[in-house]
Amino acid sequence: VLVVLGLSAVAFFYLNSKPDTVYVSTLQETKVVYLPDSSRIWLGPASNISFTENLEGDSRNIMLDGEGFFQVKRDESKPFIVQGAKTTVEVLGTSFTVHSRKGEDKEYV
């Protein structure tokens, strides 16, 4: 009975979890990503971002490894948060660049 309950709980959480959406740019390209909230991100070469499907939740959370220019649609009820290797940026709506790459000491916003 415990095994069945345990497997049922794992299956429930696995099936109901939202997968992360991931975008990756190669060494030779930049990529424009259009978010569900109408914000846009220009990914620099060899960069990637991930976020939950449809930016669900109380905030719009983006994980960044590399460089990105963000043009964020204003939403005072739902902050836009970019999490880099060592840097976190939280805005309500504006444009900005973040350079945050794992393994590098230098980061900037």
Side-chain angles (χ1 to χ4, degrees):
V1 172
L2 290 175
V3 171
V4 171
L5 288 175
L7 291 174
S8 297
V10 168
F12 174 79
F13 287 111
Y14 177 76
L15 292 174
N16 288 312
S17 66
K18 300 285 186 194
D20 280 349
T21 302
V22 177
Y23 290 92
V24 178
S25 64
T26 67
L27 281 171
Q28 291 82 28
E29 74 175 340
T30 57
K31 184 177 281 191
V32 180
V33 178
Y34 298 91
L35 300 178
D37 69 348
S38 298
S39 296
R40 289 184 284 181
I41 303 170
W42 285 262
L43 282 179
S47 299
N48 67 72
I49 57 168
S50 64
F51 53 91
T52 58
E53 185 179 354
N54 296 322
L55 296 174
E56 294 176 345
D58 295 335
S59 59
R60 301 170 284 173
N61 296 302
I62 306 289
M63 300 294 292
L64 169 71
D65 182 28
E67 185 171 9
F69 173 73
F70 296 81
Q71 190 174 46
V72 179
K73 182 176 180 186
R74 188 164 192 79
D75 185 346
E76 294 182 14
S77 67
K78 198 169 182 177
F80 191 95
I81 301 169
V82 177
Q83 178 67 53
K86 299 176 187 173
T87 303
T88 301
V89 178
E90 182 174 336
V91 300
L92 298 176
T94 190
S95 297
F96 60 97
T97 299
V98 176
H99 179 94
S100 178
R101 195 175 300 278
K102 292 177 189 171
E104 288 185 8
D105 292 332
K106 195 178 216 179
E107 295 188 354
Y108 63 86
V109 177

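Partners of Gln28 under the side-chain contact (heavy atoms from CB on, under 4.5 Å) rule, at least two apart in sequence or in another chain, are Thr26. Applying the salt bridge (Lys or Arg N to Asp or Glu O under 4.0 Å) test to Asp58 and every residue at least two apart in sequence or in another chain returns nothing. For Lys78, the salt bridge (Lys or Arg N to Asp or Glu O under 4.0 Å) test picks out no residue, with sequence neighbours left out. By the ring pair (Phe, Tyr, Trp, His ring centres under 6.0 Å) test, Phe96 pairs with Phe70, sequence neighbours left out. Listed by chain and residue number, Arg101 satisfy the salt bridge (Lys or Arg N to Asp or Glu O under 4.0 Å) test with Glu104 (two or more places apart in sequence, or in another chain).
The backbone N or O of Ser100 lies less than 3.5 Å from no partner atom in the side chain of Lys86, so there is not a single donor-acceptor pair.
Taking 4.5 Å as the limit, every side-chain heavy atom of Leu35 sits out of range of all side-chain heavy atoms of Val72. No side-chain heavy atom of Thr94 sits under 4.5 Å from any side-chain heavy atom of Phe80. You'll find the side chain of Thr30 stays beyond 4.5 Å of the side chain of Phe69, heavy atoms only. Contact annotation: the side chain of Leu64 never approaches that of Ile41 to less than 4.5 Å [non-hydrogen atoms, C-beta and beyond]. Side-chain atoms of Ser50 and Val22, non-hydrogen and from C-beta on, do get closer than 4.5 Å to each other.
Taking each heavy atom of Ile81 and Glu90 in turn, the nearest pair found is CG1-CG, 3.8 Å. Nearest heavy-atom pair, Asn61 versus Phe51, reported as atom, atom and distance to 0.1 Å: O-CB, 3.3 Å.
Annotation: side chain to side chain donor-acceptor pair (under 3.5 Å) contacts involving residues 32-49, sequence neighbours excluded, comprise Asp37-Ser39, Asp37-Arg60, Arg40-Gln71.
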Should Val91 and Val82 be marked as a side-chain contact (heavy atoms from CB on, under 4.5 Å) after you check the CA-CA gap, both sets of side-chain angles, and the distance that decides it? CA-CA 9 Å; Val91 300; Val82 177; over 6 Å; no
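In this structure, the separation between OH on Tyr108 and OG1 on Thr87 is 11.5 Å, given to the nearest 0.5 Å.
By the criterion of side-chain heavy atoms lying less than 4.5 angstrom apart, applied directly or through intervening Ile, Leu, Val, Met, Phe, Trp or Tyr residues, Met63 is not grouped with Tyr23; the two fall into different hydrophobic clusters.
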